[in-house]
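Inspection log for the structure reproduced underneath, given as structure tokens.
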Amino acid sequence: MNNYFRMKTQRKKFVDKKLIFRLRLFAIIFLIMSAIGIYDVVIGNLYVIVAFAALAGGIGIGLLVGRAMNVVWHEETNKAITKMDKFGVIILVSYIVFALFRKKLFAHWLTGHQLSAFVIFLSAGIMLGRLITLRGRLYKVLKGQGL
């Protein structure tokens, strides 16, 4: 078990600090939004099945949006960094448009506190999906470098 953490620490020096910060930020936002969403479910603002549906939908969107960032190996610094390609820009712009209008999109079915709780779970799922995608891409790059 100790070797696992040592290996993880050794890999960290091969990852750009901005990328590490982004991964941590996604994780923190996911945890905070999940806690708020769980509170909304406990007090009865949203049904559990609707919360799971929003979370699952958000994860799907997050996995797609996560494709906007490519993790590549930078030869000069010997670190994994993120870059965005043309397809990534299209996905990111689409996501921003969706984020701006998501309350209006779902307001037909949900209102008030239900809508807010739904959007919180959806956003938490998006953060988790992005985190999963980015970690997976980072792992592939580091594995490709033999780390």
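- None of Val65, Leu63, Leu25 except one satisfies the side chain to side chain contact (heavy atoms under 4.5 Å, CB included) rule with Arg130; the exception is Val65.
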Quick one: side chains of residues 49-60, donor-acceptor pairs under 3.5 Å with protein atoms, not counting sequence neighbours, listed by atom name and distance.
none

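- Note that CZ of Phe118 and CD of Gln114 are 11.0 Å apart. Values are rounded to the nearest 0.5 Å.
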Donor-acceptor contacts, no H, no angles, side chain residues 119-126, under 3.5 Å, sequence neighbours left out:
unit_1 : atom_1 : unit_2 : atom_2 : d
Ser123 : OG     : Arg102 : NH1    : 3.2
Ser123 : OG     : Arg102 : NH2    : 3.4
Ser123 : OG     : Val119 : O      : 2.9

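- By the side chain to side chain contact (heavy atoms under 4.5 Å, CB included) test, Leu138 pairs with Val15, Leu19, Leu23, Val71, Ala80, Leu142, sequence neighbours left out.
- Judged as a side chain to side chain contact (heavy atoms under 4.5 Å, CB included), and not counting sequence neighbours, Leu31 has no contacts.
- The CG atom of Leu128 sits 6.0 Å away from atom CG of Leu131, with the distance rounded to the nearest 0.5 Å.
- For Ile29 against Met127, the heavy-atom pair with the smallest separation is CG2-CG, 3.5 Å.
- Ile28 is linked by a side chain to side chain contact (heavy atoms under 4.5 Å, CB included) to Ile32, counting only residues two or more places apart in sequence or in another chain.
- Sorted by first and then second residue, the side-chain hydrogen bond (donor to acceptor under 3.5 Å, both in side chains) pairs with a member in residues 33-60 read Asp40-Asn45; sequence neighbours excluded.
- Cluster membership check: Ile43 does not share its hydrophobic cluster with Leu115, using side-chain heavy-atom separations under 4.5 Å among Ile, Leu, Val, Met, Phe, Trp and Tyr.
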